[in-house]
Undergrad: 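Handing you a structure now.
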Amino acid sequence: DTACAVGVLAEAYLTYRDIDIETIRDIVQGAPNGYLSPADVARLLDAAKINRVQERVVKSAEDAVKAAELTGYPLVMKVVGPVHKTDVGGVVLDVRNPVQLVKEFERMMKIKDTTAVLLQPMLSGTEIFIGAKREGNFGTQVLCGLESPSGKLADTIAKSYDYYPCKDDFWECFDHVDYSEDIYVG
């Protein structure tokens, strides 16, 4: 078991040794009120060597149409600003043409605290939620899990290791270990 665990850790080190921890730390520590702009999120993901979808941030309907021509349809549109996007109607999926794009852009820019709109290609796959918060004496708390269509953390807790993409690399070493998790609210 120990040899297997060391092997997994060595592989993780070789995979992630180029992560720019200083840049990540600077971005996180410099976040006003914990909010990261799309540009900061992109820098953070790039520093962590996490692949991400192409995105464009636009501030006018004209720029949105030009960006959509470069990105291609269908698109996802998200409001930019210190708001919880799904609570304010700030996410639109499957935008398929310039008429719909302009109509939704104009609606979204009227949402309180919106500063721009982010455009991304519409993709398929498993959607996850990742969030972090610095919490007093507890330090930094990280939350991640499957995301529901509402954009909020799914109301489920993993009942199987199959939910974890790295399970084959790590848990095979510890098949005798009981593992459970839950959400703590306090």
Side-chain angles (χ1 to χ4, degrees), residues 15-135 140-156 163 165:
T15 302
Y16 299 107
R17 68 180 169 195
D18 294 329
I19 290 176
D20 186 348
I21 294 171
E22 290 303 315
T23 297
I24 294 169
R25 185 174 289 123
D26 290 345
I27 292 167
V28 171
Q29 290 176 346
N33 299 322
Y35 171 75
L36 293 178
S37 70
D40 287 335
V41 170
R43 285 181 41 234
L44 187 141
L45 293 174
D46 290 346
K49 306 294 189 230
I50 296 173
N51 294 334
R52 59 187 174 84
V53 67
Q54 173 192 20
E55 56 190 36
R56 299 178 193 283
V57 176
V58 295
K59 295 186 177 189
S60 73
E62 181 180 319
D63 287 345
V65 171
K66 289 178 187 174
E69 289 171 2
L70 294 171
T71 303
Y73 292 94
L75 293 169
V76 174
M77 300 174 70
K78 301 176 184 178
V79 295
V80 175
V83 297
H84 193 284
K85 295 165 187 53
T86 55
D87 288 348
V88 297
V91 177
V92 179
L93 304 176
D94 204 26
V95 175
R96 296 196 164 265
N97 59 62
V99 173
Q100 182 185 11
L101 176 78
V102 170
K103 178 182 173 187
E104 291 296 345
F105 177 87
E106 291 172 350
R107 181 191 65 79
M108 294 171 96
M109 288 301 291
K110 293 176 186 172
I111 296 172
K112 185 178 187 280
D113 296 326
T114 296
T115 60
V117 173
L118 180 128
L119 304 178
Q120 298 172 316
M122 182 82 184
L123 302 176
S124 62
T126 301
E127 195 166 348
I128 61 169
F129 171 92
I130 302 173
K133 182 178 182 181
R134 196 171 296 120
E135 193 64 48
T140 301
Q141 308 297 304
V142 177
L143 173 69
C144 62
L146 298 175
E147 190 169 318
S148 69
S150 70
K152 296 183 178 179
L153 190 61
D155 188 20
T156 59
Y163 284 106

Undergrad: Which atom pair, heavy atoms only, marks the closest approach of I19 to A48?
TA: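 Answer, listing the atom of I19 first, then A48: CG1-O, 3.6 Å.
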Undergrad: I need the minimum non-hydrogen distance between M108 and V91, along with the two atoms involved.
TA: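 Closest approach of M108 to V91: CE-N, 4.1 Å.
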Undergrad: Evaluate the side-chain proximity of V41 to I27: yes if any heavy-atom separation is below 4.5 Å, no if none is.
TA: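 Sidechains of V41 and I27: no contact.
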Undergrad: I want to check something: taking the side chain as every heavy atom from C-beta on, are V117 and V80 in contact at a cut-off of under 4.5 Å?
TA: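 A side-chain contact under 4.5 Å is absent here.
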Undergrad: Contact between L119 and E55 at the side-chain level, heavy atoms closer than 4.5 Å - yes or no?
TA: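 The answer is no; the side chains never approach within 4.5 Å.
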Undergrad: Could you check whether atom CG of L123 has more than 12 heavy atoms from other residues, nucleotides or ligands sitting under 6.0 Å from it?
TA: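 More than 12 heavy atoms, drawn from other residues, nucleotides or ligands, come within 6.0 Å of this atom.
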Undergrad: Just checking, any donor-acceptor pair under 3.5 angstrom between side chains of S60 and D63?
TA: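 Yes, side-chain donor-acceptor contact under 3.5 Å.
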Undergrad: Could you check whether any side-chain heavy atom of V28 comes within less than 4.5 Å of a side-chain heavy atom of L44, counting everything from C-beta outward?
TA: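 Result yes, sub-4.5 Å side-chain heavy-atom pair found.
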Undergrad: If you define the side chain from C-beta out and look only at heavy atoms, does anything of V76 sit under 4.5 Å from M122?
TA: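 Yes, side chains in contact.
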Undergrad: With a 4.0 Å cut-off, would you call K110 and E106 a salt bridge?
TA: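 Salt bridge: no.
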Undergrad: Tell me the closest heavy-atom pair linking I111 and G89, and the distance in Å.
TA: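 Distance-wise, the nearest heavy atoms are CD1-O, 3.8 Å.
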Undergrad: Over all heavy atoms of both residues, which pair between P121 and Q54 is shortest? Give the atoms and the distance, please.
TA: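 Closest heavy-atom pair between P121 and Q54: CD-O, 3.1 Å.
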Undergrad: Quick one: do the R43 and T23 side chains pair a donor with an acceptor below 3.5 Å?
TA: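 The criterion, which ignores hydrogens and geometry beyond distance, is not satisfied for T23 and R43.
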Undergrad: Would R107 and E104 count as a salt bridge (charged side-chain N to carboxylate O under 4.0 Å, His left out) if you check the C-alpha gap in whole Å, the side-chain angles of each, and the deciding distance to 0.1 Å?
TA: CA-CA 5 Å; R107 181 191 65 79; E104 291 296 345; 2.8 Å; yes
Undergrad: Heavy-atom distance under 4.5 Å between the side chains of T71 and Q120, does that happen here?
TA: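 When only atoms from C-beta onward are counted, Q120 and T71 do not touch, as no gap falls below 4.5 Å.
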Undergrad: Do R52 and D46 sit within salt-bridge range, that is, some charged N less than 4.0 Å from a carboxylate O?
TA: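 Yes.
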Undergrad: Hey, mind stepping through L70 and R56 against side-chain contact (heavy atoms from CB on, under 4.5 Å) and telling me if it holds?
TA: CA-CA 10 Å; L70 294 171; R56 299 178 193 283; 3.5 Å; yes
Undergrad: Which residues satisfy the salt bridge (charged side-chain N to carboxylate O under 4.0 Å, His left out) test with D113, sequence neighbours excluded?
TA: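 Here no residue qualifies.
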Undergrad: Within a strict 4.5 Å, meaning less than it, do heavy atoms of the V65 and V102 side chains meet?
TA: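 In short, these two side chains touch, coming nearer than 4.5 Å.
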Undergrad: Any side-chain heavy atom of K49 within less than 4.5 Å of one from D18?
TA: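 A side-chain contact under 4.5 Å exists here.
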Undergrad: Would you name the heavy atoms of A61 and F105 that are closest together and state the gap between them?
TA: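 The pair with the smallest heavy-atom distance is N-CE2, 3.3 Å.
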Undergrad: Identify the two heavy atoms, one from M109 and one from T114, that lie closest to each other, and give their separation to 0.1 Å.
TA: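 Closest heavy-atom pair between M109 and T114: SD-CG2, 3.9 Å.
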Undergrad: Going from CZ on R96 to CG on L101, what distance comes out if it is rounded to the nearest 0.5 angstrom?
TA: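 One gets 13.5 Å once the value is rounded to the nearest 0.5 Å.
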